[in-house]
Amino acid sequence: MAASRPFRFAATLLASGALLGAAALPATASDFSHAPRSAVKIGQVQYESPRWGHHSNRSLNAEWVEVRNTSRHTVRLKGWTLTDRDGNRYRFRHLWLRGHDSVRVHTGFGRDNSRHVYQGRRAQVWDHNDAATLRDARGRWIDTKSWGRHHRR
């Protein structure tokens, strides 16, 4: 019995050291199953234009998705994409989104500026049962906002 006490003590000491050593290791990216957090989010959505004449440019531009930067740092959106459930995709060109600012992505034609960009489409994209998904330039998922009967958020 006396010989087993040093063995138990040594085993306890080794186990304690292993636990302390594991706790001291920094977490790596592979330790997390979710994508990195982004300050850029999908904000408000105006789907199915409230205007008459679904194919007029005025009506198409009354349909939009807002992309919002919630941080104080400017973010470059070049190459980022905004898609719907049907696979329609808008790719951001040369746009820098300032901190605490937003940009509306309109469906129709118009002249891009820092607050409004235009997809250049001739038909509605965002219907009453849809989702908008934002991905960064590397194709990583950033945010999704859905609405309608299959709403998941």
Side-chain angles (χ1 to χ4, degrees), residues 14-153:
L14 286 172
S16 298
L19 287 174
L20 287 173
L25 291 174
T28 63
S30 63
D31 293 335
F32 302 101
S33 61
H34 56 79
R37 290 197 177 266
S38 174
V40 180
K41 306 284 182 200
I42 296 174
Q44 297 179 330
V45 176
Q46 174 59 58
Y47 59 91
E48 282 192 342
S49 170
R51 299 182 185 274
W52 290 88
H54 290 294
H55 295 292
S56 73
N57 194 53
R58 187 173 186 183
S59 175
L60 292 173
N61 285 334
E63 174 182 88
W64 46 263
V65 173
E66 177 187 59
V67 175
R68 177 169 294 284
N69 182 355
T70 62
S71 80
R72 60 186 175 100
H73 303 285
T74 299
V75 176
R76 184 179 187 197
L77 294 183
K78 181 181 179 182
W80 288 44
T81 59
L82 185 64
T83 57
D84 74 341
R85 282 197 175 134
D86 294 328
N88 294 304
R89 180 178 10 181
Y90 172 75
R91 183 176 305 276
F92 287 89
R93 292 179 283 277
H94 305 286
L95 182 70
W96 293 85
L97 188 57
R98 292 185 180 129
H100 301 293
D101 211 351
S102 64
V103 62
R104 285 187 179 177
V105 180
H106 298 272
T107 301
F109 291 86
R111 195 166 184 206
D112 292 354
N113 60 49
S114 64
R115 304 290 303 220
H116 301 272
V117 294
Y118 300 86
Q119 296 186 54
R121 296 185 182 274
R122 298 189 188 280
Q124 286 186 327
V125 172
W126 313 106
D127 60 32
H128 68 281
N129 185 34
D130 212 341
T133 299
L134 183 66
R135 294 185 182 276
D136 68 11
R138 293 183 179 170
R140 293 179 297 194
W141 176 86
I142 299 297
D143 194 19
T144 298
K145 186 167 191 172
S146 63
W147 55 90
R149 81 179 157 193
H150 297 298
H151 172 71
R152 282 181 242 137
R153 182 83 169 123

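Here the structure is a predicted model, which is why all the values come from computation and not from measurement.
- Using a distance-only test at 3.5 Å, with no hydrogens or angles considered, a donor-acceptor pair links the side chain of Lys145 to the main chain of Gly43.
- The side-chain contact (heavy atoms from CB on, under 4.5 Å) test applied to Arg111 returns no partner, not counting sequence neighbours.
- With rounding to the nearest 0.5 angstrom, the CZ atom of Arg104 is 11.5 Å from the CG atom of Asn61.
- Annotation for Leu60 and Ala123: closest pair CD2-C, 3.5 Å, computed over non-hydrogen atoms.
- A donor-acceptor distance shorter than 3.5 angstrom exists from the side chain of Trp147 to the backbone of Asp127, with no hydrogens or angles considered.
- Of all the heavy atoms in Ser146 and Arg85, the pair that sits closest is CB-NH2, 3.8 Å.
- Interatomic distance, CD1 of Ile42 versus CD1 of Ile142, reported as 10.0 Å (0.5 Å rounding).
- To the nearest 0.5 Å, the span separating OG1 on Thr70 from CG on Asp101 amounts to 12.0 Å.
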side-chain contact (heavy atoms from CB on, under 4.5 Å) between His116 and His106, worked out: CA-CA 7 Å; His116 301 272; His106 298 272; 2.8 Å; yes
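- To the nearest 0.5 Å, atoms CG (Leu95) and OG (Ser114) are separated by 7.5 Å.
- Side-chain contact between Phe92 and Val105 is present, with heavy atoms from C-beta onward closer than 4.5 Å.
- Checking side-chain atoms of Asn57 against main-chain N and O of Gly108 turns up no donor-acceptor pair under 3.5 Å.
- Residues satisfying the side-chain contact (heavy atoms from CB on, under 4.5 Å) test with Arg121, not counting sequence neighbours, are Asn88, Thr107, Gln119, Val125.
- The two residues Ser102 and Glu66 make their nearest non-hydrogen contact at OG-OE2, 3.3 Å.
- In this structure, the separation between CG on Asp143 and CG on Leu134 is 6.5 Å, given to the nearest 0.5 Å.
- Contacts of His100 classified as ring-ring contact (aromatic ring centres under 6.0 Å, His included), with partners at least two apart in sequence or in another chain: none.
- In this structure, Gln44 and Trp64 approach most closely via the heavy-atom pair O-CZ3, 3.5 Å.
- Tyr47 OH to Glu63 CD: the interatomic distance, rounded to the nearest 0.5 Å, is 11.0 Å.
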Give the table of side-chain donor-acceptor pairs shorter than 3.5 Å for residues 74-83, with sequence neighbours excluded, one pair per line with atom names and distance.
| residue | atom | partner | partner atom | Å |
| --- | --- | --- | --- | --- |
| Trp80 | NE1 | Arg76 | O | 3.3 |

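- Not counting sequence neighbours, the partners of Asp112 by the side-chain contact (heavy atoms from CB on, under 4.5 Å) test are Tyr90, Arg93, Val117, Tyr118.
- His73 is linked by a side-chain contact (heavy atoms from CB on, under 4.5 Å) to Ser71, counting only residues two or more places apart in sequence or in another chain.
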